[in-house]
Amino acid sequence: MRITATAVLGRAMSEAAPRLAGDMASSPSSNADAVQPVIVGWPTATVPESSSDERAGGSRLLEGLNPQQRIAVEYRGQALLIVAGAGSGKTSVLTRRVALLLEQREAWPSQILAITFTNKAAAEMRERVQALVGQAAQGMWISTFHSACVRILRREAEHFGFTKNFTIYDSGDQRALLKRIIKELEADAYGFTPSNTSAKISKLKNELSDVESYSRTINTNDPQELVFLQVFRKYTRALADANAFDFDDLISQTVFLFRAFPHVAAQYQQRFRHILVDEYQDTNHAQYSLIRELTRAPEAGTDQLATTRTEGASLTVVGDSDQSIYAFRGADIRNITEFERDFPGAKVVLLEQNYRSTQNILSAANAVISNNFDRKDKKLWTAVGDGEKIVGFTGYSGHDEAQFIADEIEKLRNAGTAYSDIAVFYRTNAQTRALEEIFIRAALPYRIMGGTKFYERAEIKDALAYLVSVANPADIMALRRILNTPKRGIGPATETALASFAENNGVTFREAMRRADALGLGPKVTSAILQLSALLDEAQAALDDAAAADRPTASATAVGDVLSLLMTKSGYLDSLRNSRDPQDEARAENVDELIAVTKEFAKNNPDGGIVDFLTEVSLVAAADDLDDATGSVSLMTLHTAKGLEYDAVFLTGIEEDLLPHRMSANEPGGPAEERRLFYVGITRARKRLYLSLAMTRAQYGETAVAMPSRYLQEIPAELIEWRQSPGNVNGRGGTQSRALNARRAPSSDRWSVRSLPEGASAGDTRFSGGSSKPETAWANRITAKVRDNGDLELVPGDRISHADFGPGRVNAVTGEGAKRIAHVQFESAGAKKLLIKIAPIEKLD
DNA sequence: TTGCCTAAACGAAAT
DNA sequence: GTTTAGGCAA
């Protein structure tokens, strides 16, 4: 997949672009005694255009709403919970609620804080509010939890030992740091790994534990706990020394800030009068606490105006406990289920009418989710009618399943559904491989959302580390990363020498680099360090000049210039271009792409500096680069799919151990969460829903037998039309019907139940090496190798033979070069489109 | 210190 | 299956 980062940023940026006219002074709390009441800063320019007839405006915003939606838009009070079933129009309700507040002049834009989970959702909300009320929407904070917190922390960082140019460590950075620490403390002897440690630290931070509070809870007789405490302490100190926050810190540190400095909190409590939170079911404890802090009534005496506001902000939360799928990230479903207890007097509005899907799809969703006990009963319904039946398909293998999907997509396309209205969902990113292989061969345009992200690529992290080293010289992790990238002959030994020099002389690591000649190292190494150091200084100076310049866009364009400078003068780009590794060429292109991203950033954010740029790239999310206008089928995980909708949806890999994932079995509430995930997937579909699975799935290099997911049986049989049911899958060319069944044979004859493959029982899903029968019977229909037919020339009329589809005749050839596509009519397999370059075909004479 | 090789480990979801 | 850790020669 090619990079879409430019588009991502372009959009994400527009959220921050209109500098808030009513924004708070840049560091209002630097002087605690001179707290400025926020109201002073609001220019009248942001006042909504006064509508001559506010009531008319109101009714315009209420148009087309059902009674419950209307209540949700109009209710005014301290706390409102909108329980919004899937597809019940909650975004519409949220945006209209905001628009109404603005239009009725109940709130200034700057008094509104709306929190969403992704930048994309934030951008969409902003657009929709803007469409309703125009310019009056400017100045609202519509952002994710994380970007809102970064914004606050950058302003207030100096209160607790950080500076505003702090770095944000993503999970990769976090693990790299932990890896070092675990090694230094030899904590691996106690079973600590970067991944389990980061999970544990993350969990603690989401519970608002810090090193001190955690140390009070541990059993001091348990050496393992003591070692972990050491790791945690060292990690925390390393972050502070590097002037860095990890993802979880962004939320928890903001809460700590508010708790430690009530006068700081008071500013935000006074400022935000209306707080709206989307996807409330996915908030974790830290996020919940943040909301609590923000909606608290400001402490008396902190407001210098006579017209002291004593009430806390009004809170509107929207959510659906049936769609809570982020428990693994610390989301606490109780935040929403106990909302009424948390906020006494809260109004609850239930939205059950669905405007998205057909009744068949909703009935399936309702049936599935009703198997989760311990939930408030809620039934989605629609007025649009039953619609098509759900289509089921069982393939012999993942490739077979993928082929079915590709064929169905072509059928849908021929029937008039655009590729961009079609999506394929899967549980794990690893499942994309089979889909991609088939889609490429079928010449189906597709896009993978999320997965390995642009910003996680090593070369991009390298390039960004250069920028970070300039923006935040305290960040030793970034410095270490670039120290020997490209290869300069600066190895671990030299690095240690620099670090101990810094420590012994009480200077920073960065300063030690400047004084490298005092280290007594070899001349080659010394000059390498000095050169790098000088380059970083040069970049820093260039940025300072730009900031000092009076041209409005100077600092933004400087980011790109500085990145170019760093990449060129460091020799990084050259080293990639001159490398023998053919992949390095693509890496160099990616670096160029990143430079292009900075240019795009400059265009969208004339005032943005290097720190703003780095913040943006740290917080882009998997779902953010969705661009439905590209005419491609969208592939994504079920998690990424939340909040999206498509005309046709393919839910793939509906198998035991995949959905529910085998890892979920050990976790309390695991199967229920997996069921919600399935539910989320089902409810993304507007008109057509396809459920597919495979009988064998190649994973981890082995082929394993797959069982139909238990959730399949929860869907009433009459809703599904099985093209090939799990009981009727025949091996290719074989006649024997092989039945596979879910763990327990259902008493009903939902699908014909025969016997399990010999030797395979429910608990034993892996073929032993000896039993080769399944492999031969269901050998992958597609070889994993990508072939290259090179310059195979085909013209209409040619006869060809395909490895899977057999003989056929070429009807037409379209496309250019490597993308030439043959339209072939096969004798038995029907019409297919094939990418000539890689299709397993031979020309017949 | 780098680069190349083999051996072994490791496989979920993501702001 | 892919990525990473470690060993060894240049």
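Keep in mind that the numbers below use all heavy atoms, side chains included, and drop hydrogens, waters and symmetry copies. Every chain is numbered from 1 and lettered A, B, ... according to where its sequence line falls, protein lines coming before strand lines. Note that the structure is predicted; figures quoted are calculated from it, not measured.
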Quick one about [Y] and [X] (side-chain donor to acceptor, distance below 3.5 Å, no hydrogens or angles considered), yes or no?
X	Y	value
A:Gln431	A:Thr428	yes
A:Ser202	A:Asp248	yes
A:Asn335	A:Thr283	yes
A:Tyr268	A:Glu156	yes
A:Asn284	A:Asp332	no
A:Thr615	A:Arg154	yes
A:Tyr235	A:Gln174	yes
A:Glu401	A:Gln403	no
A:Asn165	A:Asn243	yes

Please determine, for the side chain of [X], which listed nucleotide ([options]) has the closest atom?
X	options	value
A:Arg433	B:dT1, C:dG1, B:dG3	C:dG1
A:Arg329	B:dT2, B:dT1, B:dA14	B:dA14
A:His639	B:dA14, B:dT1, B:dA12	B:dA14
A:Phe247	B:dT2, B:dA14, B:dT15	B:dT15
A:His146	B:dA12, B:dT15, B:dT2	B:dT15
A:Met663	B:dA14, B:dG3, B:dG11	B:dG11
A:Thr640	B:dG3, B:dA14, B:dA12	B:dA14

Just to be sure I understand the rule, does [X] reach a base, reach only the sugar-phosphate, or reach nothing, if contact means heavy atoms closer than 4.0 Å?
X	result
A:Glu279	nothing
A:Asp248	nothing
A:Ala493	sugar-phosphate

Practice task
Taking only Lys NZ, Arg NE, NH1 and NH2, and the carboxylate oxygens of Asp or Glu, determine whether A:Asp657 and A:Arg662 approach each other closer than 4.0 Å.
Solution key: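 A salt bridge is present here (some side-chain N lies under 4.0 Å from a carboxylate O).
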Handout entry: A:Lys461/A:Asp170 ion pair, N-O < 4.0 Å
Key =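 Looking at A:Asp170 together with A:Lys461, the answer is yes, because their closest N to O distance falls below 4.0 Å.
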Would you kindly give the [atom1]-to-[atom2] distance between [X] and [N], to the nearest whole Å?
X	N	atom1	atom2	result
A:Arg675	B:dA13	CZ	C1'	18 Å
A:Met449	B:dA14	CE	P	13 Å
A:Glu456	B:dT15	CD	C1'	11 Å
A:Glu616	B:dT15	CD	P	14 Å
A:Asn196	B:dA12	CG	P	15 Å
A:Gln253	B:dT15	CD	P	21 Å
A:Arg697	C:dG1	CZ	P	16 Å
A:Leu250	B:dA14	CG	P	19 Å

Exercise for the section: Report the residue (A:Thr428 or A:Pro492) whose heavy-atom-nearest nucleotide on DNA chain B is the more 5′ of the two. Expected result: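 The 5'-side residue here is A:Pro492.
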Problem - Toward the 5' end of DNA chain B, by each residue's nearest nucleotide, A:Arg488 or A:Glu674 - result: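 Counting from the 5' end, the first nearest nucleotide belongs to A:Arg488.
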Handout entry: Quiz item: A:Glu667 side-chain donor-acceptor pair to B:dA12 base, under 3.5 Å
Key =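 Flag set: donor-acceptor pair detected.
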Problem - Base of B:dA12 paired with side chain of A:Arg662 (donor-acceptor, under 3.5 Å) - result: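 Not at all, since no donor on one side and acceptor on the other fall under 3.5 Å apart.
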Practice task
Output yes if the stacking criterion (under 5.5 Å between centres, under 30° between planes) is met for A:His661 over the base of B:dA13, else no.
Solution key: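 The base of B:dA13 is not stacked with A:His661 (the test needs centres under 5.5 Å and planes under 30°).
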Practice task
Answer yes or no for this row: A:Tyr326 ring on B:dA13 base, centroids under 5.5 Å, planes under 30°.
Solution key: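 It does not: the ring fails the test against the base of B:dA13.
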Under 4.0 Å: is that the gap between some side-chain N or O of [X] and OP1 or OP2 of [N]?
X	N	result
A:Thr494	B:dT1	yes
A:Ser171	B:dT15	no
A:Asn284	B:dT15	no
A:Asn429	B:dA12	no

Between the protein and nucleotides 5-9 of chain C, list the N/O to N/O atom pairs that are separated by less than 3.5 angstrom.
unit_1, atom_1, unit_2, atom_2, d
C:dA5, OP1, A:Lys179, NZ, 2.9

Handout entry: Nearest atoms (heavy-atom pairs only) where A:Arg126 meets A:Met140
Key =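 That closest heavy-atom pairing would be NH2-O, 2.9 Å.
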Practice task
Would you please enumerate the stems DNA chain B participates in, each stem being three or more consecutive Watson-Crick or G-U wobble pairs with both distances under 3.5 Å?
Solution key: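 Counting only runs of 3 or more consecutive pairs, the stems involving DNA chain B are B:1-10 with C:1-10.
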Handout entry: Rounded P spacing from C:dT4 to B:dA13 in Å
Key =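 About 15 Å, rounded to a whole number of Å.
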